[in-house]
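Numbered from 1 within each chain, the chains take letters A, B, ... in sequence-line order.
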2 protein chains.
Amino acid sequence: MSDLLERLRGRGWRMTAQRRVVAEVLDGEHVHLTADEVHARAVAKLPEISRATVYNTLGELVSLGEVLEVATDKRAKRYDPNAHRPHHHLVCARCGAIRDVHPDGNPLADLPESERFGFMVSDVEVTYRGVCPNCAAA
Amino acid sequence: MSDLLERLRGRGWRMTAQRRVVAEVLDGEHVHLTADEVHARAVAKLPEISRATVYNTLGELVSLGEVLEVATDKRAKRYDPNAHRPHHHLVCARCGAIRDVHPDGNPLADLPESERFGFMVSDVEVTYRGVCPNCAAA
DNA sequence: CGCCACATTGGACTTTGTCCAAGTAAGGGG
DNA sequence: CCCCTTACTTGGACAAAGTCCAATGTGGCG
Ligand SMILES: [Mn+2]
Ligand SMILES: [Mn+2]
Ligand SMILES: [Zn+2]
Ligand SMILES: [Zn+2]
């Protein structure tokens, strides 16, 4: 994630403690946190960071394409730092656990012309739902 | 949609003016309204209907499987009365217009065992995004 | 018709997110 | 190395979306 910090510096961002902490929180595999979860973890490292700054920073990262917004649950938006490798999501319907997945095939190609209604279709988001091994065992 | 009212009566629902109005509002093709939009249209037909009743009724319809919740935008949930024919959605990124679509192929089959992480995968939701003809013209 | 379990209501409350005016500090120029 | 400019941060007010509840109303059976 320090490459992210490099890229941001390159884009003229001022490097603040707050932005460094948000970037740190968004590091790792299968990370799909809500804004408030990001804030809670950021506060653990930098107690005075505000909710507004977390929202601002996440919004900026999204508009730079460094982080994706995903709508896997129907409540809060989740922020996905894995923006550079296209992927989809597998969500546990019971506990909400989220995994990145890489299905075969190209769902864009599966949408025939007759089903496009004149739209310029550019993107597709696929969410698989099921029950994770943990929840199935319980 | 009067088949819906029949089915509900069969399930022991009391037939109230409010429930009839909500069912009426949810009639038609490509209908994907937010709860507040449902409420606004219901009020036009029955001015004293409350927001709480609209939320209650929508929730009941969803848990009976008569209506689907879809999360095509990242703001309010949308309610989809087309619950009995499986389909996916095509959304305009500019104006939010939503169309039902029926892609070829079965995306569930495209998720290899090695990408299932032990989940029992039962469902998949596909959202295509693009620009509708109207917005492209403007 | 009368009853009562179920349904509806309005408002308070929660969650998620946005906005703003005032204060703070990054970092380039001197 | 310090100062100044300007971008950044902050807390709190506000808004939108949704939940909950005690009081009230009513569908439909007997
Ligand atoms: Mn992801
Ligand atoms: Mn639909
Ligand atoms: Zn689970
Ligand atoms: Zn459009």
Side-chain angles (χ1 to χ4, degrees), chain A residues 4-25 32-43 45-64 66-80 96, chain B residues 4-25 32-43 45-64 66-80 96:
Chain A
L4 171 57
L5 291 177
E6 281 316 311
R7 282 197 299 278
L8 295 178
R9 210 187 313 266
R11 301 220 200 205
W13 272 34
R14 286 190 188 170
M15 235 356 93
T16 67
Q18 291 85 347
R19 285 170 168 176
R20 248 186 301 268
V21 161
V22 170
E24 267 178 55
V25 167
H32 304 91
L33 301 170
T34 65
D36 270 346
E37 286 165 353
V38 172
H39 181 238
R41 297 186 187 200
V43 162
K45 296 166 185 272
L46 183 69
E48 67 274 25
I49 191 172
S50 72
R51 262 178 15 105
T53 292
V54 170
Y55 275 100
N56 287 342
T57 306
L58 290 172
E60 289 159 349
L61 290 169
V62 168
S63 56
L64 291 180
E66 296 287 355
V67 164
L68 299 175
E69 271 176 8
V70 296
T72 53
D73 71 22
K74 282 149 193 149
R75 323 190 69 179
K77 294 176 194 170
R78 293 185 171 272
Y79 293 88
D80 186 342
Chain B
L4 171 57
L5 291 176
E6 282 315 311
R7 284 197 298 278
L8 295 176
R9 210 187 313 266
R11 301 218 199 209
W13 271 33
R14 289 194 186 164
M15 232 2 89
T16 66
Q18 291 83 348
R19 284 170 170 176
R20 248 187 300 269
V21 161
V22 170
E24 265 178 56
V25 167
H32 304 90
L33 300 170
T34 66
D36 272 346
E37 287 166 353
V38 172
H39 181 240
R41 298 187 187 200
V43 161
K45 296 167 184 272
L46 183 70
E48 67 275 23
I49 191 173
S50 72
R51 261 175 21 101
T53 293
V54 170
Y55 274 101
N56 287 343
T57 306
L58 290 172
E60 291 158 350
L61 290 170
V62 168
S63 56
L64 291 181
E66 297 286 355
V67 164
L68 299 175
E69 270 176 8
V70 297
T72 52
D73 70 22
K74 284 149 191 147
R75 326 186 99 185
K77 294 176 194 170
R78 294 185 170 272
Y79 293 88
D80 185 342

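Residue Ser50(A) has no polar side-chain atom (N or O) positioned under 4.0 Å from OP1 or OP2 of dT9(D). Close to dA17(D), at under 4.0 Å from its OP1 or OP2, lies no side-chain N or O of Thr34(B). At least one side-chain nitrogen or oxygen of Gln18(A) sits closer than 4.0 Å to the OP1 or OP2 atom of dT10(D).
Here Leu33(A) pairs with Val25(A), Val31(A), Glu37(A), Val38(A), Arg41(A) under the side-chain contact (heavy atoms from CB on, under 4.5 Å) rule; sequence neighbours left out. Listed by chain and number, the residues in a side-chain contact (heavy atoms from CB on, under 4.5 Å) with Arg75(A) are Asp73(A) (sequence neighbours excluded). Shown here are the side-chain contact (heavy atoms from CB on, under 4.5 Å) partners of Ala35(A), two or more places apart in sequence or in another chain: Tyr55(A), Leu58(A), Tyr79(A). For the side-chain hydrogen bond (donor to acceptor under 3.5 Å, both in side chains) test, no residue two or more places apart in sequence or in another chain qualifies with Lys74(A). Listed by chain and residue number, Leu4(A), Leu8(A), Trp13(A), Val22(A), Leu26(A), Thr57(A), Glu66(A), Val67(A) satisfy the side-chain contact (heavy atoms from CB on, under 4.5 Å) test with Leu61(A) (two or more places apart in sequence, or in another chain). Here Thr53(A) pairs with Ser50(A) under the side-chain hydrogen bond (donor to acceptor under 3.5 Å, both in side chains) rule; sequence neighbours left out. With sequence neighbours excluded, the residues forming a side-chain hydrogen bond (donor to acceptor under 3.5 Å, both in side chains) with Glu60(A) are Arg19(A), listed by chain and number.
Regarding Leu5(B), its CG atom lies at a distance of 15 Å from the C1' atom of dG27(D), rounded to whole Å. Atom CE in Met15(B) sits roughly 7 Å away from atom P in dG28(D) (whole-Å rounding). Distance Leu8(A) CG to dA7(D) P: 17 Å, rounded to the nearest Å. One interatomic measurement links the two molecules: CH2 of Trp13(A) to C1' of dT6(D), which rounds to 16 Å at whole-angstrom precision.
Between His32(B) and Val70(B), the closest heavy-atom pair is CD2-CG2, 4.5 Å.
Toward the 5' end of DNA chain D, the nearer of the two residues Arg9(B) and Asp36(B), judged by each one's closest nucleotide, is Asp36(B). Toward the 5' end of DNA chain D, the nearer of the two residues Glu48(A) and Ala76(B), judged by each one's closest nucleotide, is Glu48(A).
A nucleotide of DNA chain C counts as in contact with chain A when one of its atoms lies under 4.0 Å from a heavy atom; the first and last such, 5' to 3', are dT16(C) to dG27(C).
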Exercise. Base, backbone or nothing for each nucleotide of nucleotides 19-25 of chain D, written B, S, -, heavy atoms under 4.0 angstrom, 5' to 3'?
Worked result: BB-----

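With rounding to the nearest 0.5 angstrom, the NZ atom of Lys77(A) is 4.0 Å from the CD atom of Glu69(A).
When heavy atoms are screened at a 4.0 angstrom cut-off, Thr53(A) is found touching base atoms of the nucleic acid.
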